[in-house]
Protein chains: 2
Amino acid sequence: MNSFQPTEQRLAVTCRRYPAFPREPAVLVRLVKHIYKRVHDDANALLKPWGIGHPEYNILMMMYGTEGYTLNPSQLADAAGEKSANITRLTNQLCDKGLIERTASDEDRRKVTLTLSKAGLAMIEAFLPAVCALLERQTTGLKPAEAAQLERLLKKFLDQLEQD
Amino acid sequence: MNSFQPTEQRLAVTCRRYPAFPREPAVLVRLVKHIYKRVHDDANALLKPWGIGHPEYNILMMMYGTEGYTLNPSQLADAAGEKSANITRLTNQLCDKGLIERTASDEDRRKVTLTLSKAGLAMIEAFLPAVCALLERQTTGLKPAEAAQLERLLKKFLDQLEQD
DNA sequence: TGTAGATAGTACATATGTGTACTAAATCCA
DNA sequence: TGGATTTAGTACACATATGTACTATCTACA
(Lines give C-alpha, C1' and ligand atoms only; values in the text may rest on other atoms or scores of the structure.)
Protein backbone atom coordinates (compact mmCIF):
# COMPACT_ATOMS: atom_id res chain seq x y z
CA MET A 1 0.00 0.00 0.00
CA ASN A 2 1.51 3.27 -1.06
CA SER A 3 0.71 6.94 -1.24
CA PHE A 4 -0.56 6.68 -4.79
CA GLN A 5 -3.57 4.58 -3.88
CA PRO A 6 -5.95 7.43 -3.03
CA THR A 7 -5.16 9.12 -6.31
CA GLU A 8 -5.49 6.00 -8.43
CA GLN A 9 -8.76 5.13 -6.78
CA ARG A 10 -10.18 8.51 -7.73
CA LEU A 11 -9.02 8.24 -11.30
CA ALA A 12 -10.94 4.98 -11.50
CA VAL A 13 -14.10 6.69 -10.36
CA THR A 14 -13.50 9.45 -12.86
CA CYS A 15 -13.33 6.90 -15.67
CA ARG A 16 -16.64 5.45 -14.56
CA ARG A 17 -18.27 8.85 -14.49
CA TYR A 18 -16.74 10.07 -17.71
CA PRO A 19 -15.93 7.11 -19.94
CA ALA A 20 -13.92 9.14 -22.45
CA PHE A 21 -11.41 9.98 -19.74
CA PRO A 22 -8.14 8.27 -20.68
CA ARG A 23 -6.94 6.44 -17.61
CA GLU A 24 -3.43 5.50 -18.64
CA PRO A 25 -2.15 8.98 -19.55
CA ALA A 26 -3.71 10.42 -16.40
CA VAL A 27 -2.08 7.79 -14.21
CA LEU A 28 1.31 8.40 -15.80
CA VAL A 29 1.10 12.13 -15.30
CA ARG A 30 0.08 11.77 -11.67
CA LEU A 31 2.80 9.24 -10.95
CA VAL A 32 5.36 11.60 -12.37
CA LYS A 33 4.08 14.34 -10.13
CA HIS A 34 4.19 12.18 -7.01
CA ILE A 35 7.70 11.00 -7.77
CA TYR A 36 8.93 14.48 -8.51
CA LYS A 37 7.61 15.85 -5.24
CA ARG A 38 9.11 13.05 -3.26
CA VAL A 39 12.52 13.36 -4.88
CA HIS A 40 12.41 17.10 -4.39
CA ASP A 41 11.61 16.76 -0.70
CA ASP A 42 14.32 14.16 -0.14
CA ALA A 43 16.91 16.34 -1.82
CA ASN A 44 15.89 19.39 0.18
CA ALA A 45 16.17 17.49 3.43
CA LEU A 46 19.59 16.13 2.52
CA LEU A 47 20.95 19.52 1.45
CA LYS A 48 19.65 21.50 4.38
CA PRO A 49 22.88 21.20 6.41
CA TRP A 50 24.73 22.92 3.57
CA GLY A 51 22.33 25.81 3.51
CA ILE A 52 21.15 25.29 -0.05
CA GLY A 53 17.99 23.89 -1.60
CA HIS A 54 17.29 21.55 -4.49
CA PRO A 55 17.13 24.26 -7.17
CA GLU A 56 20.45 25.74 -6.07
CA TYR A 57 21.93 22.26 -6.02
CA ASN A 58 20.77 21.72 -9.59
CA ILE A 59 22.50 24.86 -10.70
CA LEU A 60 25.73 24.02 -8.97
CA MET A 61 25.74 20.53 -10.45
CA MET A 62 25.13 21.79 -13.96
CA MET A 63 28.15 24.05 -13.58
CA TYR A 64 30.18 21.19 -12.16
CA GLY A 65 29.22 19.17 -15.24
CA THR A 66 30.47 21.80 -17.66
CA GLU A 67 33.99 22.04 -19.08
CA GLY A 68 35.65 25.01 -17.41
CA TYR A 69 32.89 25.21 -14.78
CA THR A 70 31.50 28.14 -16.74
CA LEU A 71 28.31 28.95 -18.57
CA ASN A 72 25.89 31.78 -18.98
CA PRO A 73 22.38 32.22 -17.67
CA SER A 74 20.51 31.00 -20.72
CA GLN A 75 22.57 27.84 -21.05
CA LEU A 76 21.98 27.31 -17.37
CA ALA A 77 18.25 27.72 -17.81
CA ASP A 78 18.25 25.00 -20.48
CA ALA A 79 20.44 22.64 -18.54
CA ALA A 80 18.71 23.03 -15.21
CA GLY A 81 15.21 23.18 -16.65
CA GLU A 82 14.41 26.49 -14.99
CA LYS A 83 12.88 29.53 -16.62
CA SER A 84 15.33 32.31 -17.11
CA ALA A 85 13.66 34.72 -14.71
CA ASN A 86 14.32 32.12 -12.10
CA ILE A 87 17.98 31.79 -12.94
CA THR A 88 18.61 35.42 -12.07
CA ARG A 89 17.33 34.96 -8.55
CA LEU A 90 19.00 31.62 -7.95
CA THR A 91 22.37 32.73 -9.24
CA ASN A 92 22.10 35.88 -7.15
CA GLN A 93 21.71 33.75 -4.07
CA LEU A 94 24.65 31.59 -5.05
CA CYS A 95 26.75 34.70 -5.65
CA ASP A 96 25.81 36.09 -2.26
CA LYS A 97 26.93 32.82 -0.73
CA GLY A 98 30.20 33.04 -2.63
CA LEU A 99 29.64 29.75 -4.45
CA ILE A 100 29.72 31.16 -7.97
CA GLU A 101 31.02 34.31 -9.63
CA ARG A 102 29.37 36.56 -12.13
CA THR A 103 31.33 38.54 -14.69
CA ALA A 104 30.38 40.42 -17.83
CA SER A 105 31.36 38.78 -21.08
CA ASP A 106 33.75 40.62 -23.37
CA GLU A 107 32.90 39.22 -26.79
CA ASP A 108 29.19 39.86 -26.33
CA ARG A 109 28.43 42.47 -23.75
CA ARG A 110 24.82 41.39 -23.36
CA LYS A 111 26.06 38.12 -21.95
CA VAL A 112 27.02 37.26 -18.44
CA THR A 113 29.47 34.58 -17.44
CA LEU A 114 28.84 32.44 -14.41
CA THR A 115 31.71 30.44 -12.95
CA LEU A 116 31.87 28.01 -10.09
CA SER A 117 34.10 29.42 -7.34
CA LYS A 118 36.64 27.52 -5.29
CA ALA A 119 34.20 27.52 -2.41
CA GLY A 120 31.45 26.22 -4.69
CA LEU A 121 33.61 23.38 -5.90
CA ALA A 122 34.59 22.53 -2.35
CA MET A 123 30.98 22.44 -1.24
CA ILE A 124 30.03 20.16 -4.12
CA GLU A 125 32.77 17.74 -3.24
CA ALA A 126 31.66 17.86 0.36
CA PHE A 127 28.04 16.93 -0.30
CA LEU A 128 28.53 14.57 -3.23
CA PRO A 129 29.08 11.45 -1.13
CA ALA A 130 25.73 11.93 0.59
CA VAL A 131 24.02 12.79 -2.69
CA CYS A 132 25.39 9.67 -4.37
CA ALA A 133 24.20 7.55 -1.48
CA LEU A 134 20.73 9.07 -1.73
CA LEU A 135 20.53 8.50 -5.48
CA GLU A 136 21.59 4.87 -5.08
CA ARG A 137 19.11 4.32 -2.33
CA GLN A 138 16.26 5.84 -4.33
CA THR A 139 16.70 3.32 -7.12
CA THR A 140 17.63 0.13 -5.32
CA GLY A 141 14.14 -1.13 -6.10
CA LEU A 142 14.89 -1.24 -9.80
CA LYS A 143 17.11 -3.84 -11.42
CA PRO A 144 19.63 -2.36 -13.86
CA ALA A 145 17.63 -3.58 -16.84
CA GLU A 146 14.49 -2.06 -15.43
CA ALA A 147 16.18 1.26 -14.82
CA ALA A 148 17.45 1.29 -18.39
CA GLN A 149 14.00 0.46 -19.68
CA LEU A 150 12.49 3.22 -17.54
CA GLU A 151 15.00 5.70 -18.92
CA ARG A 152 14.11 4.68 -22.45
CA LEU A 153 10.38 5.04 -21.87
CA LEU A 154 10.67 8.36 -20.07
CA LYS A 155 12.72 9.75 -22.95
CA LYS A 156 10.11 8.60 -25.40
CA PHE A 157 7.45 10.24 -23.27
CA LEU A 158 9.39 13.50 -23.11
CA ASP A 159 10.00 13.47 -26.85
CA GLN A 160 6.31 13.17 -27.48
CA LEU A 161 5.57 16.03 -25.09
CA GLU A 162 7.92 18.20 -27.07
CA GLN A 163 6.32 17.48 -30.40
CA ASP A 164 4.72 20.77 -31.48
CA MET B 1 17.37 16.34 -30.53
CA ASN B 2 15.39 17.23 -27.44
CA SER B 3 15.53 19.51 -24.45
CA PHE B 4 17.14 16.85 -22.28
CA GLN B 5 20.39 16.80 -24.19
CA PRO B 6 22.14 19.66 -22.36
CA THR B 7 21.33 18.05 -19.05
CA GLU B 8 22.40 14.55 -20.04
CA GLN B 9 25.63 15.88 -21.48
CA ARG B 10 26.48 17.51 -18.16
CA LEU B 11 25.69 14.40 -16.19
CA ALA B 12 28.18 12.56 -18.37
CA VAL B 13 30.88 15.07 -17.52
CA THR B 14 29.98 14.78 -13.86
CA CYS B 15 30.53 11.02 -14.02
CA ARG B 16 33.93 11.55 -15.54
CA ARG B 17 34.91 14.03 -12.86
CA TYR B 18 33.45 12.04 -9.99
CA PRO B 19 33.37 8.36 -10.91
CA ALA B 20 31.26 7.33 -7.92
CA PHE B 21 28.40 9.48 -9.23
CA PRO B 22 25.60 7.10 -10.23
CA ARG B 23 24.51 8.10 -13.69
CA GLU B 24 21.32 6.09 -14.06
CA PRO B 25 19.52 7.34 -10.93
CA ALA B 26 20.54 10.91 -11.71
CA VAL B 27 19.21 10.64 -15.26
CA LEU B 28 15.91 9.20 -14.07
CA VAL B 29 15.41 11.93 -11.53
CA ARG B 30 16.18 14.66 -14.04
CA LEU B 31 13.90 13.15 -16.67
CA VAL B 32 11.07 13.08 -14.18
CA LYS B 33 11.65 16.72 -13.41
CA HIS B 34 11.67 17.73 -17.08
CA ILE B 35 8.51 15.79 -17.79
CA TYR B 36 6.74 17.16 -14.76
CA LYS B 37 7.51 20.74 -15.69
CA ARG B 38 6.36 20.25 -19.24
CA VAL B 39 3.11 18.59 -18.24
CA HIS B 40 2.49 21.31 -15.69
CA ASP B 41 3.03 24.06 -18.24
CA ASP B 42 0.78 22.38 -20.82
CA ALA B 43 -2.00 21.98 -18.30
CA ASN B 44 -1.73 25.58 -17.16
CA ALA B 45 -1.94 26.83 -20.72
CA LEU B 46 -4.97 24.67 -21.45
CA LEU B 47 -6.82 25.70 -18.29
CA LYS B 48 -6.16 29.42 -18.55
CA PRO B 49 -9.45 30.19 -20.36
CA TRP B 50 -11.32 28.76 -17.37
CA GLY B 51 -9.47 30.96 -14.93
CA ILE B 52 -7.94 28.12 -12.94
CA GLY B 53 -4.45 26.65 -12.74
CA HIS B 54 -3.08 23.12 -12.62
CA PRO B 55 -3.19 22.79 -8.81
CA GLU B 56 -6.80 23.95 -8.67
CA TYR B 57 -7.64 21.55 -11.48
CA ASN B 58 -6.10 18.71 -9.50
CA ILE B 59 -8.26 19.49 -6.55
CA LEU B 60 -11.43 19.70 -8.56
CA MET B 61 -10.67 16.41 -10.29
CA MET B 62 -9.98 14.62 -7.01
CA MET B 63 -13.39 15.76 -5.80
CA TYR B 64 -14.99 14.71 -9.06
CA GLY B 65 -13.43 11.27 -8.57
CA THR B 66 -14.91 10.82 -5.11
CA GLU B 67 -18.26 9.25 -4.28
CA GLY B 68 -20.57 12.05 -3.24
CA TYR B 69 -18.15 14.68 -4.54
CA THR B 70 -17.16 15.26 -0.93
CA LEU B 71 -14.03 14.95 1.11
CA ASN B 72 -12.12 16.81 3.76
CA PRO B 73 -8.87 18.76 3.55
CA SER B 74 -6.56 16.01 4.71
CA GLN B 75 -7.95 13.42 2.33
CA LEU B 76 -7.61 16.01 -0.37
CA ALA B 77 -3.99 16.62 0.55
CA ASP B 78 -3.26 12.90 0.17
CA ALA B 79 -5.15 12.52 -3.07
CA ALA B 80 -3.81 15.62 -4.74
CA GLY B 81 -0.29 15.28 -3.41
CA GLU B 82 -0.25 18.73 -1.86
CA LYS B 83 0.83 19.65 1.64
CA SER B 84 -2.02 20.53 3.88
CA ALA B 85 -1.02 24.15 4.33
CA ASN B 86 -1.44 24.45 0.61
CA ILE B 87 -4.88 22.91 0.58
CA THR B 88 -6.24 25.69 2.73
CA ARG B 89 -5.22 28.37 0.25
CA LEU B 90 -6.29 26.43 -2.82
CA THR B 91 -9.68 25.51 -1.43
CA ASN B 92 -10.17 29.10 -0.34
CA GLN B 93 -9.66 30.21 -3.91
CA LEU B 94 -12.07 27.60 -5.19
CA CYS B 95 -14.64 28.67 -2.61
CA ASP B 96 -14.26 32.28 -3.63
CA LYS B 97 -14.91 31.24 -7.22
CA GLY B 98 -17.99 29.32 -6.11
CA LEU B 99 -16.68 25.99 -7.40
CA ILE B 100 -16.71 24.17 -4.08
CA GLU B 101 -18.42 24.59 -0.72
CA ARG B 102 -17.01 24.37 2.76
CA THR B 103 -19.06 23.26 5.74
CA ALA B 104 -18.19 22.17 9.25
CA SER B 105 -18.57 18.48 9.99
CA ASP B 106 -21.02 17.37 12.68
CA GLU B 107 -19.63 14.02 13.80
CA ASP B 108 -16.15 15.42 14.33
CA ARG B 109 -16.15 19.12 14.81
CA ARG B 110 -12.46 19.47 14.02
CA LYS B 111 -13.18 18.37 10.49
CA VAL B 112 -14.26 20.38 7.52
CA THR B 113 -16.28 19.06 4.62
CA LEU B 114 -15.54 20.18 1.10
CA THR B 115 -18.10 19.54 -1.62
CA LEU B 116 -18.07 20.19 -5.31
CA SER B 117 -20.74 22.75 -6.18
CA LYS B 118 -23.05 22.67 -9.18
CA ALA B 119 -20.91 25.33 -10.81
CA GLY B 120 -17.80 23.29 -10.11
CA LEU B 121 -19.29 20.20 -11.68
CA ALA B 122 -20.41 22.21 -14.69
CA MET B 123 -16.94 23.66 -15.17
CA ILE B 124 -15.36 20.21 -14.98
CA GLU B 125 -17.68 18.89 -17.62
CA ALA B 126 -16.93 21.91 -19.75
CA PHE B 127 -13.15 21.47 -19.73
CA LEU B 128 -12.95 17.69 -19.70
CA PRO B 129 -13.11 17.27 -23.48
CA ALA B 130 -10.08 19.49 -23.93
CA VAL B 131 -8.26 17.81 -21.03
CA CYS B 132 -8.89 14.35 -22.47
CA ALA B 133 -7.59 15.47 -25.82
CA LEU B 134 -4.45 16.84 -24.22
CA LEU B 135 -3.82 13.66 -22.25
CA GLU B 136 -4.26 11.51 -25.35
CA ARG B 137 -1.96 13.73 -27.33
CA GLN B 138 0.73 13.65 -24.66
CA THR B 139 1.00 9.89 -24.82
CA THR B 140 0.51 9.11 -28.49
CA GLY B 141 4.22 8.37 -28.66
CA LEU B 142 3.82 5.34 -26.42
CA LYS B 143 2.25 2.09 -27.55
CA PRO B 144 -0.28 0.70 -25.07
CA ALA B 145 2.15 -1.97 -23.92
CA GLU B 146 4.85 0.63 -23.40
CA ALA B 147 2.54 2.86 -21.40
CA ALA B 148 1.59 -0.07 -19.19
CA GLN B 149 5.23 -0.96 -18.70
CA LEU B 150 6.04 2.65 -17.86
CA GLU B 151 3.25 2.70 -15.30
CA ARG B 152 4.60 -0.45 -13.72
CA LEU B 153 8.14 0.87 -13.50
CA LEU B 154 7.10 4.25 -12.15
CA LYS B 155 5.11 2.56 -9.42
CA LYS B 156 8.08 0.44 -8.50
CA PHE B 157 10.19 3.57 -8.40
CA LEU B 158 7.69 5.35 -6.18
CA ASP B 159 7.41 2.37 -3.85
CA GLN B 160 11.15 2.38 -3.36
CA LEU B 161 11.15 6.12 -2.65
CA GLU B 162 8.63 5.53 0.07
CA GLN B 163 10.60 2.83 1.80
CA ASP B 164 11.67 4.31 5.14
C1' DT C 1 26.23 53.86 -42.04
C1' DG C 2 21.85 53.60 -39.57
C1' DT C 3 17.71 51.79 -38.34
C1' DA C 4 14.47 47.52 -37.50
C1' DG C 5 14.41 43.52 -35.32
C1' DA C 6 16.34 39.80 -32.53
C1' DT C 7 18.66 38.32 -28.28
C1' DA C 8 20.54 38.24 -23.24
C1' DG C 9 19.60 39.37 -18.98
C1' DT C 10 17.14 41.45 -15.21
C1' DA C 11 13.47 43.83 -12.18
C1' DC C 12 9.27 43.63 -10.40
C1' DA C 13 4.61 42.07 -9.40
C1' DT C 14 2.19 38.22 -8.60
C1' DA C 15 1.34 33.25 -8.03
C1' DT C 16 2.45 29.18 -5.86
C1' DG C 17 4.53 26.19 -2.19
C1' DT C 18 6.17 25.12 2.52
C1' DG C 19 7.61 25.22 7.62
C1' DT C 20 6.12 26.58 11.98
C1' DA C 21 3.33 27.76 15.34
C1' DC C 22 -1.21 28.00 16.86
C1' DT C 23 -6.42 26.81 18.11
C1' DA C 24 -9.93 23.68 18.87
C1' DA C 25 -11.63 19.30 19.30
C1' DA C 26 -11.17 14.36 19.98
C1' DT C 27 -8.89 10.42 22.26
C1' DC C 28 -6.31 8.01 25.66
C1' DC C 29 -5.64 6.32 30.07
C1' DA C 30 -4.17 6.85 35.13
C1' DT D 1 -13.28 12.36 35.78
C1' DG D 2 -9.55 15.14 34.02
C1' DG D 3 -5.10 16.09 32.32
C1' DA D 4 -1.73 14.66 28.60
C1' DT D 5 -1.42 13.50 23.86
C1' DT D 6 -2.94 13.29 19.19
C1' DT D 7 -5.37 15.03 15.26
C1' DA D 8 -7.63 18.49 11.85
C1' DG D 9 -7.33 22.62 10.10
C1' DT D 10 -5.63 27.23 9.51
C1' DA D 11 -2.79 31.67 9.75
C1' DC D 12 1.23 33.71 8.74
C1' DA D 13 5.91 34.42 7.36
C1' DC D 14 8.98 33.12 4.18
C1' DA D 15 10.75 30.57 0.07
C1' DT D 16 10.27 29.54 -4.58
C1' DA D 17 8.43 30.08 -9.45
C1' DT D 18 6.67 32.58 -13.37
C1' DG D 19 4.77 36.26 -16.65
C1' DT D 20 5.58 40.70 -18.30
C1' DA D 21 7.78 44.53 -19.31
C1' DC D 22 12.05 46.76 -19.69
C1' DT D 23 17.21 47.92 -20.90
C1' DA D 24 21.24 47.13 -23.35
C1' DT D 25 23.49 45.08 -26.94
C1' DC D 26 24.09 42.71 -31.12
C1' DT D 27 22.77 41.43 -36.12
C1' DA D 28 20.91 42.06 -40.58
C1' DC D 29 20.35 44.47 -44.42
C1' DA D 30 18.63 48.60 -47.05
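Order of the sequence lines sets the chain letters (A, B, ...), proteins ahead of strands, with each chain counted from 1.
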Of all residues at least two apart in sequence or in a different chain, which pass the side chain to side chain contact (heavy atoms under 4.5 Å, CB included) check with [X]?
X	result
B:Val27	A:Glu151, B:Phe4, B:Leu11, B:Arg23, B:Leu31
B:Glu82	A:Lys33, A:Lys37, B:Pro55, B:Ala80, B:Asn86, B:Ile87, B:Leu90
B:Thr103	B:Thr113
A:Asp41	B:Lys83

Would you say A:Ser74 reaches C:dG9's phosphate, i.e. side-chain N/O to OP1/OP2 under 4.0 Å?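 Result: yes.
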Could you run down the sub-3.5 Å N/O contacts of the protein with nucleotides 26-28 of chain D?
residue : atom : partner  : partner atom : Å
D:dC26  : OP1  : A:Arg109 : N            : 2.9

Just compare D:dT10, D:dA8, C:dT10 and give me whichever is closest to any side-chain atom of B:Lys111.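 Output: D:dA8.
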Round to the nearest Å and state the distance from [X] atom [atom1] to [N] atom [atom2].
X	N	atom1	atom2	value
A:Asp78	C:dG9	CG	P	11 Å
B:Asn72	C:dA24	CG	C1'	16 Å
B:Asn92	C:dT16	CG	P	14 Å
A:Ile100	C:dG9	CD1	P	13 Å

Suppose the criterion is side-chain hydrogen bond (donor to acceptor under 3.5 Å, both in side chains): which pairs have a residue in residues 140-150 of chain A, not counting sequence neighbours?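 Non-adjacent pairs meeting side-chain hydrogen bond (donor to acceptor under 3.5 Å, both in side chains): A:Thr140-B:Gln160, A:Glu146-B:Lys156, A:Gln149-A:Arg152.
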For B:Asp42, what residues pass the salt bridge (Lys or Arg N to Asp or Glu O under 4.0 Å) criterion, not counting sequence neighbours?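 B:Arg38.
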Can you name the residues that form a salt bridge (Lys or Arg N to Asp or Glu O under 4.0 Å) with B:Glu24, not counting sequence neighbours?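 With sequence neighbours excluded, B:Glu24 shows a salt bridge (Lys or Arg N to Asp or Glu O under 4.0 Å) to no residue whatsoever.
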Set out, line by line, the N/O atom pairs under 3.5 Å between protein and nucleotides 15-23 of chain D.
residue : atom : partner : partner atom : Å
D:dA17  : OP2  : A:Arg89 : NH2          : 3.4

Restricting to pairs with a member in residues 120-136 of chain B, which pass salt bridge (charged side-chain N to carboxylate O under 4.0 Å, His left out), not counting sequence neighbours?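 Applying salt bridge (charged side-chain N to carboxylate O under 4.0 Å, His left out) to every pair that reaches into residues 120-136 of chain B, excluding sequence neighbours, yields nothing.
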Verify the neighbour count for atom CG of B:Asp106: are there more than 12 heavy atoms of other residues, nucleotides or ligands below 6.0 Å?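 Result for CG/B:Asp106: open.
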Is the closest side-chain donor-acceptor distance between A:Arg10 and B:Thr66 under 3.5 Å?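 A pair is found: one side chain offers a donor N or O, the other an acceptor, under 3.5 Å apart.
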Which residues in residues 57-67 of chain B have a heavy atom closer than 4.0 Å to any atom of DNA chain D?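 Listed by number, there are none.
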So, using side chain to side chain donor-acceptor pair (under 3.5 Å) as the criterion, who are the partners of B:Glu56 when residues are at least two apart?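 Partners of B:Glu56 under the side chain to side chain donor-acceptor pair (under 3.5 Å) test: B:Gln93, B:Lys97.
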